Amino acid sequence: MTSDMRGQGSVEGTAPSEETKPEIAVRPDHLFRVQTIAADAATSTAVMDIGPWLHGLDGNYAHGSLGVLADIVFGHSVFVAAQPHVRAVTTELLLEFCDPVTSAGGVLTAEGTTMHVGKEYGAGAGVIRAEDGTAIATGMVRLHFFPGERIGPARAPASRADLDRAPHPLRVLDMDLESRRDAADLRVRITREICNPGGGIHGGISVWLSELAAAEAVGAASERLRPTSLHITYLRHSPVDTSVTFAARVEHRTNRSAVVRVVATRENGGVGTEATIVYRKVE
């Protein structure tokens with residue numbers, strides 16, 4: 001086992017706290033350069049700059065870096081279409097990865113569509129495309145609605161100045177990584193930079209951290225594997241100023257594929273999220 005320190009420092013994927021937290025200088029959409037967020041009751045859109053913030057612990061493109069964009073956009077129109085005086089939390093998010101993002105620059109465009117809105121639950125679908133129209137990822141999201149003062153799935157869009165001064169996402173993390181073959185434990189202190197408006201870890205950040213841990217466990221770069229799907233379930237609120245450990249374990253491996261389960265456990269032993277990520281050999 002080795003210990004490695006590689007960083008210091010929404011639709012919400014977790015249940016909001018009773019008290020709305022004040023705005024902060026840096027937040028998840030800044031870290032991943034998400035901008036131009038717009039939505040009505042039927043559709044939602046946003047764009048994200050392509051750049052080094054999409055790279056993971058090994059310096060390669062990290063598919064989970066699409067998590068914040070997907071969590072914000074895929075359920076945004078669903079939330080808009082919901083009844084007034086409700087809050088919304090993401091209960092499940094599914095991403096199917098198509099083509100990887102190149103490092104050539106430009107932007108990604110995410111489009112979300114409302115699929116269903118009920119009294120307590122809603123569902124949305126979405127696609128993330130490169131500038132030439134190539135599908136980078138598709139997915140679905142499920143939301144749970146409950147009474148309360150509405151906290152929107154996304155705050156005011158980031159300005160160009162906000163994005164230009166935002167650090168690389170890994171640089172804001174207070175984290176510790178322990179890895180060995182077929183297993184990795186990524187412990188992260190939840191700071192305000194990675195929280196949603198309700199004061200808990202952002203749902204898209206949980207996607208990102210789950211995939212970072214899984215890539216370490218499976219040895220994605222050395223084994224020439226890349227994820228083809230990621231399904232995450234949100235179980236409990238993980239609040240700011242606490243720690244969460246993303247424990248990734250390879251549950252199945254062949255010479256061409258692997259399945260990794262990632263369980264995020266809070267300080268008190270409760271499970272915050274569970275994710276299953278499927279990897280396949282890069283041709």
Side-chain angles (χ1 to χ4, degrees), residues 1-10 12-34 52-59 62 64-65 67-68 71-72 89-90 93 151 155 162 165-180 183-217 232-249 260-275 277:
M1 179 181 292
T2 61
S3 180
D4 188 5
M5 288 292 291
R6 304 198 191 183
Q8 284 185 304
S10 56
E12 293 93 344
T14 53
S17 65
E18 291 301 316
E19 179 181 337
T20 302
K21 303 298 180 185
E23 288 293 308
I24 56 172
V26 176
R27 62 197 200 204
D29 52 319
H30 296 172
L31 294 174
F32 288 93
R33 280 58 172 182
V34 178
W53 42 88
L54 301 182
H55 297 169
L57 295 169
D58 58 9
S65 62
V68 169
D71 189 47
I72 289 174
V89 292
T90 306
L93 178 64
I151 298 178
R155 291 162 282 193
D162 290 332
R165 64 173 173 254
H168 190 288
L170 290 174
R171 295 197 177 188
V172 306
L173 288 185
D174 177 1
M175 72 176 187
D176 178 74
L177 174 68
E178 295 183 355
S179 61
R180 56 194 182 277
D185 294 304
L186 179 62
R187 184 202 60 81
V188 176
R189 187 76 179 171
I190 302 174
T191 59
R192 296 217 179 272
E193 292 88 350
I194 60 173
C195 282
N196 59 35
I201 190 169
H202 191 284
I205 294 290
S206 290
V207 170
W208 176 55
L209 294 174
S210 294
E211 202 269 316
L212 289 181
E216 287 290 321
I232 188 167
T233 302
Y234 301 92
L235 303 174
R236 291 182 180 88
H237 176 64
S238 296
V240 68
D241 296 329
T242 64
S243 294
V244 175
T245 298
F246 291 80
R249 301 292 184 267
V260 185
R261 182 168 179 256
V262 185
V263 178
T265 304
R266 307 183 306 171
E267 290 177 350
N268 65 3
V271 175
T273 61
E274 292 186 0
I277 307 172

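Just so you know, these numbers come straight off a predicted model, no measurement behind them. The chain is numbered in sequence order, starting from 1.
When every heavy atom of V188 is checked against every heavy atom of L173, the shortest pair comes out as CG1-CD2, 4.0 Å. The shortest heavy-atom contact between I205 and I194 is CG1-O, 3.8 Å. The minimum heavy-atom distance between H237 and G198, with the atom names listed, is CE1-O, 4.4 Å. The two residues P239 and I190 come nearest to each other via the heavy atoms O-CD1, 3.4 Å. When all heavy atoms of S238 and G272 are compared, the closest pair comes out as OG-CA, 4.1 Å. Closest approach of V172 and P167 over heavy atoms only: CG1-CG, 3.4 Å.
Within the model, atoms CZ of R192 and CG of D241 stand 6.0 Å from one another, a figure rounded to the nearest 0.5 Å. Here OG of S206 is found 5.0 Å from CD1 of I232. Values are rounded to the nearest 0.5 Å. A distance of 11.0 Å separates CZ of R236 from OG1 of T273, quoted to the nearest 0.5 Å. One distance of note links CE of M175 with CG of L57; it measures 5.0 Å at 0.5 Å rounding. Note that CH2 of W53 and CH2 of W208 are 13.5 Å apart. Values are rounded to the nearest 0.5 Å. If you take CG on L54 and NE2 on H168, they are separated by 8.0 Å, rounding to the nearest 0.5 Å.
Without hydrogens or angle criteria, D29 side chain to F32 main chain gives no donor-acceptor distance under 3.5 Å. Of the possible polar contacts, one joining the R249 side chain to the A184 backbone as a donor-acceptor pair under 3.5 Å is found. A donor-acceptor pair under 3.5 Å is absent between the side-chain atoms of E274 and the main chain of T233, judged by distance alone. A donor-acceptor pair is defined here as one N or O able to donate and one able to accept, closer than 3.5 Å; such a pair exists between the side chain of R33 and the backbone of A166. Between the side chain of R187 and the backbone N or O of T245, no donor-acceptor pair lies under 3.5 Å. Of the possible donor and acceptor atoms, one in the side chain of Y234 sits under 3.5 Å from a partner among the backbone N and O of G203.
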Check your understanding: Going through the checks in order, is the side chain to side chain contact (heavy atoms under 4.5 Å, CB included) test met by V207 and D71?
Key -> CA-CA 9 Å; V207 170; D71 189 47; over 6 Å; no
Exercise for review: Might you work through the side chain to side chain contact (heavy atoms under 4.5 Å, CB included) test for E216 and L186, ending with a clear yes or no?
Suggested key: CA-CA 9 Å; E216 287 290 321; L186 179 62; over 6 Å; no
Review point. Are V244 and L209 close enough, and set up right, to give a side chain to side chain contact (heavy atoms under 4.5 Å, CB included), and what steps lead you there?
Key: CA-CA 10 Å; V244 175; L209 294 174; over 6 Å; no
Point to revise | Check against side chain to side chain contact (heavy atoms under 4.5 Å, CB included), L212 and L170 | key: CA-CA 11 Å; L212 289 181; L170 290 174; 4.1 Å; yes
